[in-house]
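So you know, we letter chains A, B, ... as the sequences are listed, proteins then strands, and number each from 1.
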Amino acid sequence: MQEIALQNIDIHTFQQDLIDWYQANKRDLPWRKDQDPYKIWVSEVMLQQTKVDTVIPYFNRFMVNYPTLKDLAEADQQDVLKAWEGLGYYSRARNLQTAVREVVAIYNGEVPNDPKVLGSLKGVGPYTKGAILSIAFDQPEPAVDGNVMRVLSRVLKIEEDITQQRVKKQFENHVRQLISREDPSSFNQGIMELGALICTPKSPMCMFCPVQKHCQAFAEGMEEELPIKKKAKRQKRIPYIALLIKNSDNQFVIEKRPDQGLLANLWQFPMVQSKNTNIEEAKKQFEEEYGITIEIGEKKGTLKHVFSHLIWELEIYEAEMIQHQSTKNKHLHFAEKRELRSYPFPVSHVNMMKYI
DNA sequence: AACTCGGGGGA
DNA sequence: TCCCCAGAGTT
């Protein structure tokens with residue numbers, strides 16, 4: 001199978017052109033200062049579905065707070081989530097901490113360099129496993145991400161839907177054939193760097209591409225048509241009434257979200273789904289769900305928060321707590337205004353604080 | 001294989 | 001708007 005796609009490539013020259021370009025043009029990034037497997041690991045998890053420029057400040061703060069794997073293993077999860085606040089996909093942080101705790105408990109605090117062991121850790125999938133093995137341990141393992149599939153779909157003119165898992169495995173097989181045994185780290189990072197800087201999704205800069213002479217899509221003028229990617233479903237919209245509730249001590253009511261699912265273990269201001277825009281209905285619904293009697297005041301504004309698969313449409317009201325009955329299903333807390341920022345909140349609820 | 005899981009930035 | 005981003009876990 002891969003022989004068909006690879007038959008037109010001079011593998012050795014391709015490796016050399018790519019690695020030479022990478023050595024001359026690689027960005028100076030904080031996780032490229034050394035080969036510490038822990039730092040490589042953290043950076044790769046942060047970089048999942050997240051751009052380099054977004055990750056840099058988070059990575060630097062994270063290394064100040066948790067300079068070693070052991071520091072992270074011993075940390076409080078709420079503090080780790082606070083350090084992750086705004087980065088998104090919070091299961092990455094929870095899984096990373098689960099995994100480093102396992103490394104401390106079972107592997108003497110040393111990041112495993114065995115592919116099967118490494119891949120068994122929480123949050124370490126095929127990409128992250130290959131990235132750690134190649135970058136930290138110089139092993140010739142594929143690390144196929146969106147960049148790699150875009151670059152190789154063009155170089156090898158692969159016209160299959162890259163959202164399919166079967167196709168991603170084909171790319172991994174291609175990389176196994178193509179990867180440099182002498183410098184797998186620079187090879188893998190080189191393809192990703194190329195995808196980020198030159199072989200971009202739109203308007204790739206083929207005139208500056210170090211592997212242009214190897215690129216079958218460029219030869220046929222179809223680089224803009226690749227890769228082929230099935231379109232994602234549209235998000236579902238969910239309207240909410242969200243409440244900035246003060247009690248008689250001038251404290252705000254906040255709640256901890258459940259420990260599974262969306263934004264797990266983060267904090268938020270109370271809110272109820274509002275199919276109807278009737279505020280009296282929302283008040284009744286709220287008092288049933290939360291076991292609090294409230295008086296709803298002025299509408300403070302609206303916020304839209306877009307997730308990958310859904311959209312929150314928040315209508316924000318201020319309110320006063322009249323009476324507190326029971327909260328058996330909700331983890332309610334009362335916090336002063338200045339204390340609020342010590343809790344990890346999703347960005348949408350951080351934005352609500354400007355209405356306080 | 002399809003669905004869940006954030007948030008930001010570029011065009 | 002739409003698309004994409006150094007993806008992984010669950011069902």
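- Of the N and O atoms on the side chains of A/Thr50 and A/Arg92, at least one donor lies less than 3.5 Å from an acceptor on the other residue.
- OP1 or OP2 of B/dG7 has at least one side-chain nitrogen or oxygen of A/Tyr90 nearer than 4.0 Å.
- Contact annotation for A/Arg257: no contact, since no heavy-atom pair falls under 4.0 Å across all strands.
- Comparing A/Gln164 and A/Leu262, the nucleotide of DNA chain B nearest to each residue sits closer to the 5' end for A/Gln164.
- Atom NE2 of A/His349 is separated from atom C1' of B/dG6 by 13 Å (rounded to the nearest Å).
- As judged by a 4.0 angstrom heavy-atom cut-off over every strand, A/Leu263 is placed among residues touching the sugar-phosphate backbone only.
- Nearest heavy atom pair, residue A/Ser134 against residue A/Asn188, reads OG-ND2, 3.0 Å.
- One atom, CZ of A/Phe307, and another, C1' of B/dG7, lie 9 Å apart when rounded to the nearest Å.
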DNA chain B base-pair string [pairs: Watson-Crick or G-U under 3.5 Å; |: paired with another strand]
|||||.|||||
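- Between the CE atom of A/Met192 and the C1' atom of C/dG7 there is a distance of 12 Å, rounded to whole Å.
- The residue A/Arg234 sits apart from the nucleic acid: no heavy atom pair falls under 4.0 Å.
- An OP1 or OP2 oxygen of C/dC5 is reached within less than 4.0 angstrom by a side-chain nitrogen or oxygen of A/Arg150.
- Two rings, from A/Phe62 and A/Tyr58, have their centers 6.0 Å or more apart.
- Rounded to a whole Å, the CD1 atom of A/Ile132 is 13 Å from the P atom of C/dG7.
- Here the side chain of A/Asp34 pairs a donor or acceptor atom with the backbone of A/Asp36 at under 3.5 angstrom.
- Taking atom CE of A/Met205 as the reference point, atom P of B/dA11 lies 10 Å away to the nearest angstrom.
- Remark: A/His305 is in phosphate contact with B/dG7, judged by side-chain N or O atoms under 4.0 Å from OP1 or OP2.
- Taken residue by residue, residues 34-57 of chain A places heavy atoms nearer than 4.0 Å to DNA chain C at A/Glu44, A/Leu47, A/Gln48, A/Gln49, A/Lys51, A/Val52.
- Residue A/Lys129 places none of its side-chain N or O atoms closer than 4.0 Å to OP1 or OP2 of C/dA8.
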For A/Phe269 and A/Phe345: C-alpha separation, side-chain torsions, deciding distance, then whether ring-ring contact (aromatic ring centres under 6.0 Å, His included) applies.
CA-CA 9 Å; A/Phe269 297 102; A/Phe345 280 84; 5.6 Å; yes
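- Looking at which nucleotide of DNA chain B each of A/Leu266 and A/Arg166 is closest to, the 5′-most match is held by A/Arg166.
- Among C/dG7, C/dT10, C/dC4, the nucleotide with an atom closest to any side-chain atom of A/Lys122 is C/dT10.
- Side-chain nitrogen and oxygen atoms of A/Ser91 include none within less than 4.0 Å of the OP1 or OP2 phosphate oxygen of B/dT4.
- Between A/Glu220 and A/Lys157, at least one side-chain N (NZ, or NE/NH1/NH2) sits under 4.0 Å from a carboxylate O, which counts as a salt bridge.
- Pairing each heavy atom of A/Glu339 with each of A/Phe334, the nearest pair is OE1-O, 4.5 Å.
- Distance check on atom P: B/dG9 versus C/dA8 gives 24 Å, rounded to whole Å.
- The shortest distance between the side-chain N/O atoms of A/Lys236 and the OP1/OP2 oxygens of B/dC3 is not below 4.0 Å.
- For A/Tyr127 against C/dG7, a side-chain-to-base donor-acceptor contact under 3.5 Å is absent.
- One atom, CG of A/Leu303, and another, P of B/dG8, lie 12 Å apart when rounded to the nearest Å.
- Rounded to the nearest Å, the gap between the C1' atom of B/dG6 and that of C/dC5 is 12 Å.
- Atom P of nucleotide C/dA6 and atom CD1 of A/Ile191 are separated by 14 Å, given to the nearest angstrom.
- Neither OP1 nor OP2 of B/dT4 sits under 4.0 Å from any side-chain N or O of A/His309.
- For A/Val347, whose side chain is taken as the heavy atoms from C-beta onward, the closest listed nucleotide among B/dG8, C/dA8, B/dG6 is B/dG8.
- Below 30°, between 30° and 60°, or above 60°: for A/Tyr290 and A/Phe286 the angle between ring planes is below 30°, a parallel geometry.
- In this structure, of B/dC5, C/dT1, C/dG9, it is C/dG9 that holds the atom nearest to the side chain of A/Asn95.
- In this structure, the CZ atom of A/Phe345 is 13 Å from the P atom of B/dG7, given to the nearest Å.
- Across all strands shown, A/Gly86 has heavy atoms under 4.0 Å from sugar-phosphate atoms exclusively, and none from any base.
- More than 12 heavy atoms of other residues, nucleotides or ligands sit less than 6.0 Å from atom NZ of A/Lys82.
- A salt bridge is absent between A/Arg154 and A/Glu223: the closest approach of a Lys/Arg side-chain nitrogen to an acidic carboxylate oxygen does not fall below 4.0 angstrom.
- Defined by atom type and a distance below 3.5 Å, a donor-acceptor pair is missing between the side-chain atoms of A/Asn95 and A/Thr98.
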